[in-house]
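Working notes for the structure below.
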Amino acid sequence: MAVLLVAEINDGDLAMDATAKAVSAAAQLGDVTVLCAGADCSKAAAQAATISGVEKVLCAQDEVYGHQLAEPVADLIVSLAGGFEHITAPATAGAKNILPRVAALLDVMVISDAIAVVDSVTFERPIYAGNALQTVKSSDGKKVVTFRTSTFEAAETGGAAPVETIATVGSNGLSTWIEDTVAASDRPELTSAKIVVSGGRGVGSEENFEIIKALADKLNAGIGASRAAVDSGYAPNDWQVGQTGKVVAPDLYIACGISGAIQHLAGMKDSKIIVAINKDEEAPIFQVADFGLVADLFEAVPELTAKLG
Amino acid sequence: MKVLVPVKRVIDYNVKVRVKPDGGGVDLANVKMSINPFDEIAVEEAIRLKEAGKADEVIVVSIGVKQAQDTLRTALAMGADRAILVAAAEDIHTDIEPLAVAKLLKAVVDEEAPELVLCGKQAIDNDMNATGQMLSALLGWSQATFASGVDIDGDVARVTREVDGGLQTISVRMPTVVTVDLRLNEPRYASLPNIMKAKKKPLIEKTAADYRVDVSPRLEILATSEPPVRSAGIVVGSVDELVAKLKDAGAV
Ligand SMILES: Cc1cc2nc3c(=O)[nH]c(=O)nc-3n(C[C@H](O)[C@H](O)[C@H](O)COP(=O)(O)OP(=O)(O)OC[C@H]3O[C@@H](n4cnc5c(N)ncnc54)[C@H](O)[C@@H]3O)c2cc1C
């Protein structure tokens, strides 16, 4: 069976981790063709061609795909849909914007955030912020699926799939890109980091987040935050972990000054080891923590930073 | 300008979800139900547009069981002008899929001709994150998802979106479908007088059949299960002990 996988591309570069994880999920369904759409997607296409398990890469190059706007990219995917039984993507904000639109244009349901492939028409996915898991079987002719990347291992690289440049379908000009506000950072990306250090409302201010950053830097970790920390302006929105933020499953997750609301747990409870540092021993975060430390984070976190490494 | 806001009745976000022992779904009997938090933000935004003189009328619509009347009354109490209930299910445990909801919403849009549809970005029950995008596709309109800022200016809307890398700002042609994220605004509480007033605001009832939309599901739910539980951990007494444990576990 033929599977189309829409690659995650940022500014011409392939998001390798997210795409390779989705490839390992999609490969369970059949032969994977990766679609790279961008203003200049030659680089991303070459990167995608190295992922093991990819049979072919399609490169759709046009200015209108430069910022992954939903309307033109969805039209492009629909134009290719005839040849595929499955249309898939990593469950990134980008794909969640586009794939439901594709599904509706094809008159099929979308299956968002699949965490397991049971068979070619049956998938498991979390509902209610991960408090229940549902197994759904699709009766649609085509299956449109996004895969939650935190639950799949990245496919290896070392392949050399052929790259084919394909015709594009243009844009109806419904939307235009204005600007991106992206903070450059040398830290590991949150969703692919092996270790994540997160701060919550307990951190108290943007300045105080420096102690979270110091620990993260010591551990070469990515940084996360609770919604309360983001809402209060202590941390940028792209750090939010949870039901409506990013879902992470690192080897080690260190939650500092986070109470452990179900909406936060939804984004991190599949981490291998969870550490919680909170001064309230009743905080629900301790129910999921492997190692809990009841302490004031302003003392414990700098001490931990000093004593590690 | 008319603004249409779809609202969903969902389990309250503070309620602990229980999977039925027979695996037949999540137990919603005798559980507190509320307006989906994202939809509440969409209602608030629509009301603010009206207060700013940019919208003339705010219409709220809910699709589902007839108990969704309560959800609509909540939105009316916040300040929406009138409500439409599209009854599409009898059993409170039936979740109408986003594709069917989008088709019904399209029918409502065809009738009401709003220039803006403001949706929540996802419902906290099925977490599908799809209805707004699907509606936009069916209408052939522009879409702006995960909005944390919306500025309508004539025949375009400038929308700031929360994306994985940070923020993206786009401009979309009206009419449009916008799906809202958590940080767009803080919804108001309805005052008691407004709750009383809301009881008298128009609420009309329709059915899915009135719009000739087939709401039968495309996804068959084979099973619903509890997620794996984490085994209980330990409380350490000091930072030194924590460091030792982490080293033992090979985590650092
Ligand atoms: C629809 C919806 C979606 C949501 N999505 C998300 C989401 O994606 N992600 C998310 O995180 N939340 C989300 N939330 C919000 C969630 O419900 C909680 O409100 C939020 O997670 C709380 O953040 P917090 O733990 O930082 O703050 P709080 O709950 O206020 O907890 C702060 C903690 O810090 C501790 N503390 C304070 N000072 C110190 C100190 N000096 N030392 C040590 N500990 C200290 C306190 O004991 C407390 O436990 C969502 C909510 C809704 C309604």
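In what follows, every chain begins at residue 1, and chains take the letters A, B, ... in the order their sequences are listed. What's counted below: heavy atoms across the whole structure, side chains too, no hydrogens, waters or symmetry copies.
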Heavy-atom pairs under 4.5 Å with chain B, option from T135(A), L99(A), I127(A), T146(A) with the top count: T135(A)

Please indicate whether K137(A) has more than 12 foreign heavy atoms, meaning atoms of other residues, nucleotides or ligands, lying under 6.0 Å from its NZ. no

Which of T181(A), V136(A), L133(A) touches chain B most, by non-hydrogen pairs under 4.5 Å: L133(A)

For D164(B), does its backbone N or O pair with a side-chain atom of K246(A) as donor and acceptor, under 3.5 Å? yes

Identify the heavy atoms of L246(B) and V275(A) that sit nearest to each other, and give their distance. CD2-CG2, 3.8 Å

Contact list (residues 295-304 of chain A to chain B, heavy-atom gap under 4.5 Å, by number) returns A300(A), E303(A), L304(A)

Between V163(B) and A93(A), which heavy-atom pair has the shortest distance, and what is it? CA-CB, 4.1 Å

Of the listed residues (L252(A), N97(A), D107(A)), which shares the most heavy-atom pairs with chain B below a 4.5 Å separation? N97(A)

Side chain from CB out, backbone as N, CA, C, O: work out which of these in A223(B) comes under 4.5 Å of a heavy atom of chain A, or both, or neither. both

Selection from E186(B), R218(B), E97(B), Q122(B) maximising heavy-atom pairs under 4.5 Å formed with chain A: R218(B)

Are any non-hydrogen side-chain atoms of P100(A) and T145(B) less than 4.5 angstrom apart? no

To the nearest 0.5 Å, how far apart are CD in Q143(B) and CD1 in I98(A)? 8.5 Å

Please output the residues of residues 237-244 of chain B in contact with chain A, using a heavy-atom cutoff of under 4.5 Å, in numerical order. G237(B), S238(B), V239(B), D240(B), L242(B), V243(B)

Hey, is D290(A) close enough to R230(B) for a salt bridge, meaning N to O under 4.0 Å? yes

Contact summary for V19(B) and N131(A), nearest pair of heavy atoms: CG2-O, 4.1 Å

Does atom NZ of K245(B) have more than 12 heavy-atom neighbours from other groups under 6.0 Å away? no

Structural part of I273(A) lying under 4.5 Å from a heavy atom of chain B: both

Given A261(A), S138(A), A183(A), the one with more heavy-atom pairs under 4.5 angstrom with chain B than any other is S138(A)

Look at the side chain of S112(A) and the backbone N and O of M128(B), then say whether any donor-acceptor pair between them is shorter than 3.5 Å. yes

I'd like to know if the side chain of D127(B) and the backbone of A129(A) have a donor-acceptor N/O pair within less than 3.5 Å. yes

Contacting moiety of T191(A), where chain B heavy atoms sit under 4.5 Å: neither

Donor-acceptor under 3.5 Å (Q263(A) side chain, Y13(B) main chain): yes

If you take all heavy atoms of L219(B) and M109(A), which pair is closest and at what distance? CD1-CE, 3.9 Å

Taking D180(A) for its side chain and Q168(B) for its backbone only, find out whether a donor-acceptor pair lies under 3.5 Å. no

Between the CZ atom in F286(A) and the CD1 atom in I234(B), the distance rounded to the nearest 0.5 Å is 12.5 Å

If you count the non-hydrogen atoms of other residues, nucleotides and ligands that lie under 6.0 Å from NZ in K20(B), is the total more than 12? yes

Closest approach of T244(A) and K121(B), non-hydrogen atoms and distance? O-NZ, 3.1 Å

Check whether Q243(A) gets within reach of chain B through its side chain, its backbone, both or neither, counting any heavy atom under 4.5 Å. both

Pair count under 4.5 Å, heavy atoms only, with chain A: among S171(B), G166(B), A130(B), G233(B), highest is S171(B)

How about CZ on R18(B), more than 12 heavy atoms from neighbouring residues, nucleotides or ligands closer than 6.0 Å, or not? no

If you count heavy-atom pairs within less than 4.5 Å of chain A, which of D125(B), V10(B), I11(B), V17(B) leads? D125(B)

Is the backbone N or O of S139(A) less than 3.5 Å from a side-chain atom of E220(B), with the two atoms forming a donor-acceptor pair by type? no

Looking at R125(A), Q240(A), H67(A), E124(A), which one has more heavy-atom pairs under 4.5 Å with chain B than the rest? R125(A)

Ordered numerically, the heavy-atom neighbours of chain A under 4.5 Å found in residues 21-43 of chain B are V26(B), L28(B), F38(B)

Close side-chain approach of L69(A) and I170(B), heavy atoms under 4.5 Å: yes

Among the options T176(A), V182(A), I262(A), pick out the one with the most heavy-atom pairs lying under 4.5 Å from chain B. T176(A)

Heavy-atom pairs under 4.5 Å with chain A: which of V156(B), V159(B), I221(B), T131(B) has the most? I221(B)

Among R183(B), R173(B), K16(B), the residue with the most heavy-atom pairs under 4.5 Å to chain A is R183(B)

If I measure from the heavy atoms of chain B, does K272(A) come under 4.5 Å with its side chain, its backbone, both, or neither? backbone

Could you pull out all donor-acceptor pairs under 3.5 Å where a side-chain atom in residues 132-140 of chain B meets a protein atom, sequence neighbours excluded?
residue	atom	partner	partner atom	Å
Q133(B)	NE2	K96(A)	O	2.8
Q133(B)	NE2	N129(B)	O	3.2
Q133(B)	NE2	N129(B)	OD1	3.1
S136(B)	OG	R101(A)	NH1	2.5
S136(B)	OG	W141(B)	O	2.9
S136(B)	OG	S142(B)	O	3.1

One option among V172(B), L167(B), T179(B) has the most heavy-atom pairs under 4.5 Å with chain A, and it is L167(B)

